[in-house]
Protein chains: 4
Amino acid sequence: MAKIRKPQQSRSKQTVTSIVEAGFIAVARDGSDGLGTRKVADIAGVSVGTLYEYFANKEEILDAMNQQFASDVVAMVQPLIPELTRMPPRDAVRTLQFAFRDLLQRDNGRYLNCARWLGRQFPSAHVEPVKRVLSDLAMQYLSHNPQYARLPNIPVMAYIIIQGGIACMVSQLSEDNPPVSFDQLAEGLADMVGYMIEGGMKATS
Amino acid sequence: MAKIRKPQQSRSKQTVTSIVEAGFIAVARDGSDGLGTRKVADIAGVSVGTLYEYFANKEEILDAMNQQFASDVVAMVQPLIPELTRMPPRDAVRTLQFAFRDLLQRDNGRYLNCARWLGRQFPSAHVEPVKRVLSDLAMQYLSHNPQYARLPNIPVMAYIIIQGGIACMVSQLSEDNPPVSFDQLAEGLADMVGYMIEGGMKATS
Amino acid sequence: MAKIRKPQQSRSKQTVTSIVEAGFIAVARDGSDGLGTRKVADIAGVSVGTLYEYFANKEEILDAMNQQFASDVVAMVQPLIPELTRMPPRDAVRTLQFAFRDLLQRDNGRYLNCARWLGRQFPSAHVEPVKRVLSDLAMQYLSHNPQYARLPNIPVMAYIIIQGGIACMVSQLSEDNPPVSFDQLAEGLADMVGYMIEGGMKATS
Amino acid sequence: MAKIRKPQQSRSKQTVTSIVEAGFIAVARDGSDGLGTRKVADIAGVSVGTLYEYFANKEEILDAMNQQFASDVVAMVQPLIPELTRMPPRDAVRTLQFAFRDLLQRDNGRYLNCARWLGRQFPSAHVEPVKRVLSDLAMQYLSHNPQYARLPNIPVMAYIIIQGGIACMVSQLSEDNPPVSFDQLAEGLADMVGYMIEGGMKATS
DNA sequence: CATGAATGAGAATTCATTCAT
DNA sequence: AATGAATGAATTCTCATTCAT
């Protein structure tokens with residue numbers, strides 16, 4: 001039953017890390033077919049057996065990758081919150097986008113490739129912390145800028161901006177000949193949020 | 001080498017159709033694992049051998065599915081254009097969204113499931129006609145509503161609306177407990193476009 | 001679901017046969033480790049894939065072997081019944097034992113090796129027909145020799161003779177230097193049954 | 001090469017014991033798949049490394065289990081001999097059977113499970129001492145009851161009774177719905193021996 | 001002495017593709 | 001044209017055994 005060992009020595013902790021690492025490299029290299037256990041083990045420089053010492057199956061590797069992504073997102077957003085809350089919406093959106101792009105492109109586009117190839121099976125679980133930090137950001141932003149609190153449909157608009165915004169960024173960054181540059185996209189999204197807020201404010205005034 | 005026959009007789013054409021059909025059914029039933037050649041052949045009611053008479057490999061079936069999707073999109077949008085061009089932006093966006101939802105959900109969510117499970121490998125090729133018809137729609141809309149032609153950044157905004165909008169819809173329709181209803185989403189996107197246009201118009205006036 | 005094809009062409013029926021055949025050969029050659037899918041496929045002269053066309057898994061091959069054994073036992077006992085019922089008990093037991101030995105040693109000890117190596121997992125299922133034919137034999141013997149019907153404990157004695165007798169034969173035939181010869185064993189068992197009947201008859205007279 | 005230590009200290013002896021113990025527990029729990037080195041080591045509460053300090057390989061653990069079984073049989077039979085030699089045959093057989101059943105069922109059916117799952121590979125070696133004690137029993141019985149010494153075929157009959165009797169007991173105790181109870185079986189075997197002796201005596205008188 | 005991380009050959013099973021009929 | 005039997009490389013996962021610490 002309790003067959004998977006939690007790493008107890010520092011050597012084994014390193015092994016776990018290198019396997020997850022290898023998972024990212026494999027996806028980056030070979031797309032959605034890259035997550036073969038053999039391939040991952042090879043890249044990690046360990047044997048298949050070792051891989052299975054720490055992960056019950058293929059799935060769990062993907063889970064670990066997810067988890068790492070989620071915590072990296074949190075680690076990126078969290079410290080930005082104070083800064084963002086002091087910006088006007090447009091600037092905040094722009095700033096967040098560039099930060100997000102950097103995250104997506106970090107380590108040879110590690111996360112970008114996952115989003116690209118693994119689609120829906122990538123952010124399968126572990127999205128909770130991400131939702132929490134984004135929700136936290138929204139809350140703090142509103143309490144620092146209470147004038148926006150009377151905007152209508154905040155949850156819906158947030159859903160659109162987040163889901164749509166991320167999709168746009170992933171799409172743009174993945175395309176070989178993107179019809180719009182990332183800067184244009186960022187500016188566009190910022191404008192869009194700006195207009196939306198201005199429009200929404202007027203509508204409820 | 002030139003082994004794949006182009007179907008020239010009606011029976012053959014029917015076979016090809018049923019294979020592509022089977023592809024959709026398979027994905028709907030078994031997700032991303034559904035596209036096994038055996039499974040598809042079984043569902044189509046033909047033998048594996050027959051399948052390979054018409055498709056050189058697995059890939060080509062997916063291609064054909066893509067192609068059908070693309071032409072269905074075109075077939076859906078094309079006839080709507082005259083109607084849409086006569087609507088105010090908000091209504092046009094809303095109408096388009098509902099039409100798109102119907103398309104995604106047609107035949108037991110055939111296309112929705114493809115977008116859901118096959119991710120980026122689904123709209124791999126054959127997007128050209130889709131781009132063309134959307135671009136056509138935009139052109140015609142602008143020539144019927146010339147006042148919007150001076151909006152800034154139309155291509156960028158279109159990119160955002162289309163990529164982001166589709167992603168939002170697919171996401172919303174795929175979720176088990178979506179945090180926002182489809183109607184709310186449609187209204188939100190419509191508002192967003194509305195605000196954007198109003199804002200953009202003012203900015204350039 | 002219905003993935004395993006029932007052989008429809010004569011070629012495939014031959015394939016199934018040769019796979020089961022190979023199962024027996026493999027066990028005879030390599031003991032309990034012989035039932036590897038690869039090994040069996042090799043011996044059968046087919047590829048692993050082909051093996052899995054007809055058997056869902058390893059288990060099913062063993063099942064088929066069982067089934068064949070069971071039907072061979074029935075085919076051996078059935079036609080002997082008329083003859084056996086006309087013999088005195090001692091002779092009947094002896095005759096049956098030699099028939100059984102021949103069956104166990106047929107085809108290079110095919111069944112003997114299975115009993116030897118696979119132990120309890122061999123006669124896992126499909127024993128029903130065997131039980132039926134033995135019970136049939138007993139019935140017919142008693143109705144032809146009604147004087148024995150008043151023997152006490154017939155079911156218990158039958159259990160002992162059958163289970164014990166088979167175990168003795170398998171054991172004797174498997175040993176490299178058996179302490180008793182098969183003929184001695186046969187004679188001994190026959191005597192034992194004889195004494196038992198005589199004793200039992202006297203006890204109830 | 002001479003790597004395996006003979007346990008010389010009491011702690012080591014305890015370790016060896018607990019490993020063999022674990023072997024029995026593992027088989028009882030998981031059947032023939034239970035004898036994995038990992039599993040045994042876990043149950044024994046030692047590491048795999050330690051296991052290999054005392055046993056060169058899996059085989060040797062099984063050997064040790066065999067050996068223990070053999071010595072337990074001897075330890076059970078030996079002290080019964082004086083008592084048994086003073087009983088009439090029927091009682092002696094019955095007594096021995098119940099003693100044997102107790103041994104098979106001891107410690108949650110430890111030995112019964114081994115006989116059940118490991119089949120022929122269980123009493124692989126180390127049967128010599130068992131044979132010796134049984135032969136000793138027979139000798140002593142005959143010298144205390146010399147009237148039976150003129151029975152014909154004593155070795156053959158003994159073979160049948162022992163091999164057949166054990167098989168019957170293991171079979172009966174292993175079955176979920178045994179067609180005969182253990183008591184019936186014991187009585188039946190006792191009767192059988194009784195009849196055999198009576199018959200045999202008469203035959204040679 | 002003891003540990004447990006690491007190994008890697010090998011097992012079962014799948015699946016895209018080919019080919020004889 | 002159509003069939004479906006056959007293929008075999010590739011994949012996931014296991015387990016007896018070794019070895020550095």
Side-chain angles (χ1 to χ4, degrees), chain A residues 3 5 7-16 33 35-41 44-59 61, chain B residues 3 5 7-9 11-12 15 33 35-42 45-59 61, chain C residues 3 5 7-16 33 35-41 44-59 61, chain D residues 3 5 7-9 11-12 15 33 35-42 45-59 61:
Chain A
K3 242 181 44 196
R5 325 181 174 277
Q8 286 155 350
Q9 304 182 359
S10 69
R11 175 155 63 124
S12 51
K13 220 167 284 179
Q14 168 55 33
T15 302
V16 169
D33 299 340
L35 269 179
T37 49
R38 198 109 79 192
K39 217 174 284 187
V40 171
V46 300
S47 65
V48 226
T50 299
L51 189 153
Y52 277 92
E53 285 283 332
Y54 299 105
F55 297 89
N57 49 41
K58 212 171 110 107
E59 261 288 277
I61 300 174
Chain B
K3 239 180 44 193
R5 348 181 162 267
Q8 285 149 349
Q9 308 181 0
R11 181 155 60 116
S12 309
T15 303
D33 299 341
L35 268 179
T37 49
R38 205 101 109 194
K39 217 176 281 187
V40 171
D42 279 358
V46 300
S47 64
V48 228
T50 301
L51 189 153
Y52 275 90
E53 287 287 327
Y54 296 105
F55 297 89
N57 50 40
K58 211 170 109 113
E59 260 290 278
I61 300 174
Chain C
K3 242 180 44 197
R5 325 184 173 276
Q8 286 156 349
Q9 305 183 358
S10 68
R11 176 156 62 125
S12 50
K13 220 166 287 179
Q14 167 56 31
T15 303
V16 170
D33 299 340
L35 269 178
T37 51
R38 199 108 80 190
K39 217 174 282 188
V40 171
V46 301
S47 64
V48 227
T50 298
L51 189 153
Y52 277 92
E53 286 282 331
Y54 301 104
F55 297 90
N57 48 43
K58 213 170 109 107
E59 261 288 278
I61 299 174
Chain D
K3 240 180 43 195
R5 347 178 163 272
Q8 286 150 347
Q9 307 181 3
R11 180 155 62 115
S12 311
T15 303
D33 299 341
L35 267 179
T37 48
R38 204 102 109 196
K39 215 174 285 187
V40 171
D42 280 357
V46 300
S47 66
V48 226
T50 301
L51 188 152
Y52 276 89
E53 286 286 327
Y54 296 104
F55 297 89
N57 50 38
K58 212 170 108 111
E59 261 289 279
I61 299 174

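The analysis underlying the following values was restricted to heavy atoms, covering all of them including side chains, and did not include hydrogens, waters or symmetry mates. Quantities reported herein were computed from a predicted structural model and do not represent experimental measurements. Naming convention: chains lettered A, B, ... in sequence-line order (proteins, then strands); numbering from 1 in each chain.
- Between dA6(E) and Tyr54(A), a contact under 4.0 Å exists linking OP1 or OP2 to a side-chain N or O.
- Toward the 5′ end of DNA chain F lies the nearest nucleotide of Val46(B), the other residue of the pair Val46(C) and Val46(B) mapping further downstream.
- Under 4.0 angstrom from either OP1 or OP2 of dT17(E) there lies at least one side-chain N or O belonging to Tyr52(B).
- Rounded to a whole Å, the CG atom of Asp33(C) is 15 Å from the C1' atom of dT14(F).
- Rounded to the nearest Å, the gap between the P atom of dT21(F) and that of dC1(E) is 23 Å.
- A pairwise comparison of heavy atoms in Thr37(C) and Lys58(C) identifies CG2-CG, 4.4 Å as the closest pair.
- OP1 and OP2 of dG4(E) both lie 4.0 Å or more from every side-chain N or O belonging to Ser47(D).
- Each of Asn57(B) and Arg38(C) lies near DNA chain E, and the nucleotide nearest Arg38(C) is the one positioned closer to the 5' end.
- One atom, NZ of Lys39(B), and another, P of dT14(E), lie 11 Å apart when rounded to the nearest Å.
- Thr15(A) has no side-chain polar atom (N or O) that falls below the 4.0 Å cut-off from OP1 or OP2 of dA5(E).
- Distances shorter than 4.0 Å separate some side-chain N or O of Thr37(C) from OP1 or OP2 on dA12(E).
- Using a 4.0 Å heavy-atom cutoff across all strands shown, Gly49(C) reaches at least one base atom of the nucleic acid.
- When each of Leu35(D) and Gly45(C) is assigned the nucleotide of DNA chain F with its nearest heavy atom, Gly45(C) is the one assigned upstream, toward the 5' end.
- The closest side-chain heavy-atom distance from Thr15(D) to Leu51(D) is not below 4.5 Å.
- Place Leu51(A) and Gly36(B) on DNA chain E by their nearest nucleotides, and Leu51(A) ends up nearer the 5' end.
- Distances shown here put every side-chain N or O of Thr50(A) at or beyond 4.0 Å from the OP1 or OP2 atom of dA6(E).
- Note: CG (Asp42(D)) to P (dT3(E)) measures 12 Å, nearest angstrom.
- Per the geometry, CD1 belonging to Ile61(C) stands 11 Å off C1' belonging to dA12(E), to the nearest Å.
- Using a 4.0 Å heavy-atom cutoff across all strands shown, Val48(A) reaches at least one base atom of the nucleic acid.
- The side chain of Glu53(B) approaches dT3(F) more closely than any other nucleotide in the set dA2(E), dT3(F), dT7(E).
- Under the Watson-Crick and G-U wobble criteria, each requiring two contacts below 3.5 Å, nucleotide dT3(E) is paired to dA20(F).
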Intermediate values then yes/no, side chain to side chain contact (heavy atoms under 4.5 Å, CB included), Phe55(C) and Val16(C): CA-CA 9 Å; Phe55(C) 297 90; Val16(C) 170; 4.0 Å; yes
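- A side-chain donor from one of Thr50(A) and Ser47(A) sits under 3.5 Å from a side-chain acceptor of the other.
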